[in-house]
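Counting starts at 1 for both ligands and their atoms, in listed order. What you are looking at is a predicted structure, and each value in this text was computed from that prediction instead of being measured.
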Amino acid sequence: MRAPTTGFTTRFAPAPTGVLHLGHAVNALWVWGLARRYGGRVLLRIEDHDRGRCRPAYEQGILDDLDWLGLVPDGLTTTDFRAGPVPQRQSDDTARYATRLAELEGHSLVYPCTCSRAEIARAADATAGGELVYPGTCRGQGPGGRGQGLRVIMSGDAPERFDDLRLGPQAQDPMTQCGDLLVRDRHGHWTYQFAVTVDDWEQGIDLVIRGEDLLPSTGRQLRLARLLGRTTPPAFLHHPLLRHPDGRKLSKSSGDTGLAELRAAGWTPAQVLGLAAQLSGRQGTSAPLEVAGIADVFDDLSDPL
Ligand code: GLU
Ligand code: ZN
């Protein structure tokens, strides 16, 4: 694994659609650990683009859990963090997304899509990695009737290439992975792919640190960012997901253990961080890891465990 360039800005970006669990603790360990070790800044972004599934109680739970772990976003004191409105909540200013989209519309890259998921499943001529590839049904049709779905034309001459700090050189072709990208859904909600791309750009994120499950999203986010006008793309580091000490994938239930649940059962923050470090391959045992020591597990960047 290569070290990030000092002075980077990264983010922790949970969605308030559920409680934080061990998988989030792993991501937080990588985000804050690398930032503390290699001189980076961490922004907290509440990714509440999916308005139908977000709950204020989950957002509060995220703040409580981070506070308990001792992981404080940069630029905020613990006190500010607990008191004020959370900065960088996506829903705080959704007009930004419409403004960015207008840029793409100006280049005739956007078209309405009225397809339901079931219709796409019937029409799709391919699935890539379990994903439906949108076959472009509505491309070339005029403004649609029902719904507010919008897609962006993703055609390109060459695959998107990037050099993941941990996984090395990657090449992804969004057209064969997913087809034209849905940027607003039929209910008028901005999608994860669009919102995250706009936010990473506008917030000056130049290193994205996230789990390997999101690796297939990276090429399309890079392409979208370029179409939007971002000239300097961020760097990426995709970390391992939770895995059992003996290499097996953790069962859904243990991977889903809520941090609040662990706290109630008497776990300490250091025990949770120690387990997260073990389960994502940063230390050989689940020995407690104090928050003050999270930089240390990133001293040696080889992937030994
Ligand atoms: N909000 C996403 C999640 O909770 C993270 C997105 C990202 O890191 O790009 O899975
Ligand atoms: Zn369609």
Side-chain angles (χ1 to χ4, degrees), residues 9-28 30-32 34 42-51 53-54 58-59 61-62 65-66 88-91 110-125 132-154 164 178-186 189-201 203 205-222 224-225 233-239 241-242 255-256:
T9 303
T10 189
R11 77 300 197 277
F12 181 67
T17 54
V19 300
L20 292 193
H21 50 70
L22 267 177
H24 293 99
V26 164
N27 181 235
W30 281 74
V31 166
W32 267 275
L34 285 165
V42 179
L43 305 185
L44 172 65
R45 180 198 305 147
I46 300 293
E47 298 221 316
D48 59 351
H49 53 89
D50 188 351
R51 304 300 303 143
R53 292 174 55 223
C54 293
Y58 289 137
E59 183 178 308
I62 290 169
D65 289 344
L66 287 178
Q88 294 160 350
R89 187 195 282 120
Q90 288 178 323
S91 64
V110 184
Y111 63 89
C113 172
T114 55
C115 301
S116 69
R117 217 190 131 68
E119 283 166 342
I120 296 170
R122 274 196 300 277
D125 44 23
L132 284 178
V133 182
Y134 180 70
T137 318
C138 300
R139 237 204 224 197
Q141 278 176 23
R146 92 196 120 100
Q148 306 185 60
L150 291 175
R151 289 186 186 269
V152 168
I153 294 178
M154 295 296 274
D164 188 274
C178 61
D180 291 341
L181 197 65
L182 193 70
V183 293
R184 200 175 67 189
D185 70 18
R186 293 193 298 153
H189 299 147
W190 301 102
T191 64
Y192 157 69
Q193 300 290 355
F194 187 66
V196 83
T197 303
V198 170
D199 290 346
D200 282 343
W201 183 21
Q203 293 168 4
I205 303 300
D206 53 16
L207 175 61
V208 172
I209 301 169
R210 61 187 178 196
E212 274 175 5
D213 53 336
L214 285 167
L215 184 64
S217 286
T218 301
R220 69 199 70 168
Q221 290 174 12
L222 282 169
L224 195 52
F236 289 87
L237 188 155
H238 292 88
H239 60 71
L241 301 175
L242 281 173
D256 279 353

Colleague: What I'd like to find out is whether the side chain of Gln90 reaches to under 4.5 Å of the side chain of Arg51, using heavy atoms alone.
Modeller: no
Colleague: Can you list, by chain and residue number, the protein N, O or S atoms under 2.8 Å from the Zn ion (ligand 2)?
Modeller: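 Atoms qualifying: Cys113 SG, Cys115 SG, Tyr134 OH, Cys138 SG.
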Colleague: Could you tell me if the side chain of Leu224 sits less than 4.5 Å from the side chain of Phe194, heavy atoms only?
Modeller: yes
Colleague: Do we see a donor-acceptor contact under 3.5 Å between the side chains of Arg45 and Gln203?
Modeller: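 Yes, Gln203 and Arg45 have a side-chain donor paired with an acceptor closer than 3.5 Å.
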Colleague: Do the rings of Phe236 and His238 sit parallel, tilted or perpendicular, given the 30° and 60° boundaries?
Modeller: parallel
Colleague: Within the protein, flag every N or O under 3.5 Å from an N or O of ligand 1, and note the pair and distance.
Modeller:
unit_1   : atom_1 : unit_2 : atom_2 : d
ligand 1 : 1 (N)  : Ala13  : O      : 2.7
ligand 1 : 1 (N)  : Glu47  : OE1    : 2.6
ligand 1 : 8 (O)  : Arg11  : NH1    : 2.8
ligand 1 : 9 (O)  : Arg11  : NH2    : 3.0
ligand 1 : 9 (O)  : Tyr192 : OH     : 2.7
ligand 1 : 9 (O)  : Arg210 : NH1    : 2.8

Colleague: Exactly one of Pro234, Ser217, Pro233 should register a side chain to side chain contact (heavy atoms under 4.5 Å, CB included) with Val208. Which one does?
Modeller: Pro234
Colleague: Taking ring-ring contact (aromatic ring centres under 6.0 Å, His included) as the test, write out the residues that go with Trp30, two or more places apart.
Modeller: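 His239, Phe298.
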Colleague: Just to verify, what does Arg184 make a side chain to side chain contact (heavy atoms under 4.5 Å, CB included) with, not counting sequence neighbours?
Modeller: Gln148, Leu150, Trp190
Colleague: Without hydrogens or angle criteria, can the side chains of Arg151 and Thr137 be said to hold a donor-acceptor pair below 3.5 Å?
Modeller: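 Their side chains do not contain a donor-acceptor pair, so the 3.5 Å distance test is not met.
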Colleague: With rounding to the nearest 0.5 Å, note down the distance linking CG in Leu181 to CZ in Arg220.
Modeller: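 Result: 6.5 Å between the selected atoms.
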